[in-house]
There are 2 protein chains.
Amino acid sequence: MPDIKHFDPDAALDTVVGLFWRQGLAATGIQDIVSETGLNRSSLYATFGGKQELYRAALRHYVEQRSRPVLRRLAEDERGLPAVAEFFDGLIRDRCSGAHARWGCMVSNAQAGAEAGDADVRAVLDAQHRELRDAMHAALVTAEARGQLGPGTVPATAADVLALLAHGVNLRSRAGADAQELSRTVTAALECLGSPPTA
Amino acid sequence: MPDIKHFDPDAALDTVVGLFWRQGLAATGIQDIVSETGLNRSSLYATFGGKQELYRAALRHYVEQRSRPVLRRLAEDERGLPAVAEFFDGLIRDRCSGAHARWGCMVSNAQAGAEAGDADVRAVLDAQHRELRDAMHAALVTAEARGQLGPGTVPATAADVLALLAHGVNLRSRAGADAQELSRTVTAALECLGSPPTA
DNA sequence: GTTAACCTGGAACGATCGTTTCAAGATAGT
DNA sequence: ACTATCTTGAAACGATCGTTCCAGGTTAAC
């Protein structure tokens, strides 16, 4: 029958994610994508549709590949507060060093940009925030069951606080915030939720 | 001598701030600016220079006009924790209702976008974060002197936490977060810093 | 009233934007 | 080998991008 694709769409999408993640939707041109992926305009449009659709696909790809697995691990971790601490450690490490250092989080970036004008994009952003909050909530419920939380700490609202904090980390890391400083800050916030030191 | 400007550059800059604030640098065209301000391309370029310089001027204008006064009020407030609470109340109100509802913070938005690539812009962003952190720190030092802080709360690191939290509020408000929910979350975080309830 | 200095309107610049088109090439079934 | 079907490369589309230029108008000092 027909000819078959001469490239791997998923691998191409990975490359596209990198571009949109780093530069955002408006600042990334089709030419950038063509140059970086190596495939040409025809294949791009035939496979993914236009730029907006390509961005949506890239955003979903990011969430499924980069965000969801980490959140799932957090939600299923049985250790309580140490799981939350480890989550933030990994987050700060990813944001400040390695291949994607200083890129921030593609979801956070999208919320701050004109990308969020698109309804489909907005839906993905809201869903991801809910996942983040729920994963944090699950870990905190575990922590509460293990007696790791202070008397005034309610898992639901504490999860909200930590979710906002994660967004703050994503943002500041892009602007070059020091990893140790971020770590110190997050640690302080977590200690605040825990039991007071043998009061 | 020469002819004089037929418009008020500061008023024009206010309009430009609105555009860049809402849509970011890349998604705002010169044509948008011409249409919205009503002034001509020639006047624009003669007064402000190119687009990049105009964005820088708008960002500085935003910081000086919208951000700095609020931070100054926070830093000089003698009430301690209530001052911090009021700061966040005002922040959430501005972010979720009124003329600039759902616009987020222009500084936060810039950090998440390609705008932060410019060194001059980055310098403004860093300076503003420092101002935010310092103002929060001053208010917390006051709170500590008044005995409003819990035994484990260090003003410096707590200021870092609250600064990150503010960025989180800025981000989530743009995506349509509920004002009451944000308020509840921030209140919980502040209670966490305060003295434990007559323990 | 003349002149020198500046501002404004609007056309126009080349470059790049996202997108489309089409001929040539490649594949799998008959 | 032939054909139907899809992919690929490259050129080209109109639109818009940020920017420049210049003629005409306006101002204030002499």
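Scope of the values below: all heavy atoms of this structure, side chains included, with no hydrogens, waters or symmetry mates. All of these numbers come straight from a predicted model, not from anything done at the bench.
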Q: Please indicate whether R102(B) has more than 12 foreign heavy atoms, meaning atoms of other residues, nucleotides or ligands, lying under 6.0 Å from its CZ.
A: yes
Q.
Atom CZ of residue position R79(B) - does it have more than 12 heavy atoms of other residues, nucleotides or ligands inside 6.0 Å?
A. yes
Atom [atom1] of [X] to atom [atom2] of [N]: distance rounded to whole Å?
X: K5(A); N: dC6(D); atom1: NZ; atom2: P; value: 11 Å
X: L25(B); N: dG18(D); atom1: CG; atom2: C1'; value: 11 Å
X: F48(A); N: dT20(C); atom1: CZ; atom2: C1'; value: 19 Å
X: E53(B); N: dT19(D); atom1: CD; atom2: C1'; value: 13 Å
X: F7(B); N: dC6(C); atom1: CZ; atom2: C1'; value: 12 Å
X: Q23(B); N: dC17(D); atom1: CD; atom2: P; value: 11 Å
X: D8(B); N: dC7(C); atom1: CG; atom2: P; value: 15 Å
X: L19(B); N: dC17(D); atom1: CG; atom2: P; value: 13 Å

Q. Looking at S43(A), does any N or O in its side chain come under 4.0 Å of the phosphate oxygens OP1/OP2 on dT8(D)?
A. yes
Q: Please confirm whether the backbone N or O of R22(A) pairs with a side-chain atom of R174(A), one donor and one acceptor, at under 3.5 Å?
A: yes
Q: Report yes if a donor N or O on one partner sits less than 3.5 Å from an acceptor N or O on the other, where the partners are the side chain of S42(B) and the base of dT20(D); otherwise report no.
A: no
Q) Could one point to a donor on the side chain of R41(A) or the base of dT20(C) with an acceptor on the other under 3.5 Å away? A) no
Q | Whichever of N40(A) and Q31(B) has its nearest DNA chain D nucleotide further upstream toward 5' | A | N40(A)
Q: Name the closest nucleotide to the H6(B) side chain, picking from dG25(D), dT8(C), dT19(C).
A: dT8(C)
Q. Which of these nucleotides, dT20(C), dT27(D), dG18(D), is closest to any side-chain atom of K51(B)?
A. dG18(D)
Q: Please work out if I30(B) contacts a base, only the sugar-phosphate, or nothing of the nucleic acid, heavy-atom cut-off 4.0 Å.
A: base
Q: Answer with base, sugar-phosphate or nothing: what part of the nucleic acid does T28(B) contact at a heavy-atom distance below 4.0 Å?
A: sugar-phosphate
**Q.** Inter-residue atom distance N109(B).CG - Y62(B).OH, 0.5 Å rounding
**A.** 8.0 Å
Q. Do Q31(B) and R41(B) meet the criterion of a side-chain donor-acceptor pair at a distance under 3.5 Å?
A. yes
